[in-house]
Amino acid sequence: MIFYRIYQILIMLPILLVITVIASLSTMVGCMLGGGRWWGYYPARYWARCWCWLAFIRVSVRGRENIKDKQSYVFVANHQSAYDIFSIYGFLGHQFRWMMKKSLERIPLVGYACRVAGHIYVDKHSPAAVRQTMETAEKRLSHGMSVVVFPEGSRTKDGHIHAFRRGAYMLAMEFGLPVVPVTVDGAFDVLPPDAMLMRPGRITLTIHPPIEAGKDGHDLARLMEQSRDAIISALPEKNR
């Protein structure tokens, strides 16, 4: 393990820093030149794969046949660690944009690259800001573009799945989009909350069948429960 740590510090992390800068700059330039759909997705997709490959973390995907390329979805996933982001971004295999905390916009270079790429920063500071977020989401969700949300809101501290928030489901119901539950299994072991560096391992993404979001507000609780149950069904007992 000590050799792996030396590799991480002296080789892997410097390479990933360079790749992050290149991916961010290429995203910004490509999107500014008018190629937002391609440049807003593919540089970051391969950036995320590098974070997995170089760390000797293998990602497998089950259930990709459950989604269609030209259909827009609201993907909801459990949030075990930062490697949920890398595994979903790199291996989901469907055009999407993230719905993310507005505080992430402050990350140097990456935050601005995410904005020009079309990712949706969620601002809850006022009703007007919430309406603006919804309007931005409506513009993004077209022509097969989807969004990915972590309805837990933040990463789990104990490995167990926690309560879901309503935001993603209200968005799906507002625009009549199917909700696709995605189970992330293994990311907690790869990067526990108390770890400074990642560990080699395997992450499995399970893409569950879409759940049609009814437009009747009374269906919100059912939609949340059904998607959460689907995510839990593909988790080992220790993470439920």
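As the structure is a computational prediction, the values presented were derived from the model and not from experiment. Because only heavy atoms are used, hydrogens play no part in the values below, and waters and symmetry mates are left out as well, while side chains stay in.
A side-chain donor-acceptor contact under 3.5 Å links S72 to the backbone of M145. Q8 contributes a side-chain N or O that, together with a main-chain N or O of M198, makes up a donor-acceptor pair within less than 3.5 Å. Not a single donor-acceptor pair under 3.5 Å links the side chain of R97 to the backbone N or O of I120. Between the side chain of T27 and the backbone N or O of A113 there is no donor-acceptor pair closer than 3.5 Å.
When every heavy atom of L191 is checked against every heavy atom of A82, the shortest pair comes out as CD2-CB, 4.1 Å. For the pair D185 and P236, the tightest heavy-atom approach, listed with the atom from each and the gap, is OD1-CD, 3.3 Å. Here the closest heavy-atom approach between residue I231 and residue V76 is recorded as CD1-O, 3.6 Å. When all heavy atoms of G186 and I203 are compared, the pair lying nearest together is C-CG1, 4.0 Å. Listed here is the closest heavy atom pair of Y121 and C114: OH-CB, 3.3 Å. Across every non-hydrogen atom of A117 and C31, the tightest pair is CA-SG, 3.8 Å.
Annotation: M100, atom CE; neighbour count of heavy atoms from other residues, nucleotides and ligands within 6.0 Å is above 12. More than 12 heavy atoms of other shown residues, nucleotides or ligands fall within 6.0 angstrom of atom CZ in R5. Around CD of Q71, the count of heavy atoms belonging to other residues, nucleotides or ligands within 6.0 Å exceeds 12.
Contact annotation: the side chain of R62 never approaches that of L205 to less than 4.5 Å [non-hydrogen atoms, C-beta and beyond]. Between Q80 and N239, the closest side-chain pair of non-hydrogen atoms falls below 4.5 Å. Between V122 and K101, every side-chain heavy-atom pair lies at or beyond the 4.5 Å cut-off. Contact of the P178 side chain with the I211 side chain is not registered, since no non-hydrogen atoms from C-beta on lie closer than 4.5 Å. Side-chain contact between Y73 and L141: absent, with no pair of heavy atoms (C-beta onward) separated by less than 4.5 Å. Between Y7 and L54 there is a side-chain heavy-atom pair separated by less than 4.5 Å. Residues T183 and I207 fail the side-chain proximity criterion, which asks for heavy atoms closer than 4.5 Å. The closest side-chain heavy-atom distance from V18 to V21 is not below 4.5 Å.
In the hydrophobic cluster analysis, where Ile, Leu, Val, Met, Phe, Trp and Tyr join through side-chain heavy atoms closer than 4.5 angstrom, V116 is grouped apart from V110. A continuous path of ILVMFWY side-chain contacts below 4.5 Å connects I88 to I107, so both sit in one hydrophobic cluster. There is no path of hydrophobic side-chain contacts, each under 4.5 Å, that joins W38 to L33. By the criterion of side-chain heavy atoms lying less than 4.5 angstrom apart, applied directly or through intervening Ile, Leu, Val, Met, Phe, Trp or Tyr residues, L177 is grouped together with L171 in one hydrophobic cluster. Following chains of ILVMFWY side-chain contacts shorter than 4.5 Å, one cannot reach I22 starting from L17, and the two form parts of different hydrophobic clusters.
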task: Give the intermediate values and the outcome of side-chain contact (heavy atoms from CB on, under 4.5 Å) for residues L25 and L109.
output: CA-CA 8 Å; L25 290 175; L109 196 63; 4.0 Å; yes
message: Between R64 and V61, does the side-chain contact (heavy atoms from CB on, under 4.5 Å) criterion hold? Intermediate values first, please.
response: CA-CA 7 Å; R64 193 176 278 125; V61 182; 3.3 Å; yes
message: Quick one, H208 with S233, criterion side-chain contact (heavy atoms from CB on, under 4.5 Å). Give me CA distance, side-chain angles, the key distance, then yes/no.
response: CA-CA 10 Å; H208 299 275; S233 71; 3.7 Å; yes
field: Candidate pair L197 and L13, rule side-chain contact (heavy atoms from CB on, under 4.5 Å), full reasoning
entry: CA-CA 10 Å; L197 293 170; L13 291 178; 3.8 Å; yes
field: W98/F150 under ring pair (Phe, Tyr, Trp, His ring centres under 6.0 Å): CA gap, chis, key distance, verdict
entry: CA-CA 9 Å; W98 293 100; F150 295 119; 5.5 Å; yes
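Neither side chain, S24 nor Y112, offers a donor N or O lying under 3.5 Å from an acceptor on the other. A side-chain donor-acceptor contact under 3.5 Å links T156 and D158. A side-chain N or O of S146 and one of H94 form a donor-acceptor pair less than 3.5 Å apart.
If you take CD1 on I161 and CZ on R240, they are separated by 10.0 Å, rounding to the nearest 0.5 Å. Within the model, atoms OG of S26 and CD1 of I19 stand 11.5 Å from one another, a figure rounded to the nearest 0.5 Å. Here the CZ atom belonging to R199 is positioned 12.5 Å from the OH atom belonging to Y83, to the nearest 0.5 angstrom. In this structure, the separation between CE on M173 and CD on E212 is 12.0 Å, given to the nearest 0.5 Å. Interatomic distance, NE2 of H79 versus CZ of F188, reported as 12.5 Å (0.5 Å rounding). For the atom pair D194 CG and K157 NZ, the distance stands at 10.0 Å (nearest 0.5 Å).
Contacts of R115 classified as salt bridge (charged side-chain N to carboxylate O under 4.0 Å, His left out), with partners at least two apart in sequence or in another chain: E105. In this structure K238 satisfies the salt bridge (charged side-chain N to carboxylate O under 4.0 Å, His left out) test together with D189, sequence neighbours excluded.
Both the sub-6.0 Å distance and the 45° axial angle are not jointly satisfied by R45 relative to the ring of Y89.
Of the candidates W53, F91, Y46, W51, F86 forms a ring pair (Phe, Tyr, Trp, His ring centres under 6.0 Å) with just one, namely W51.
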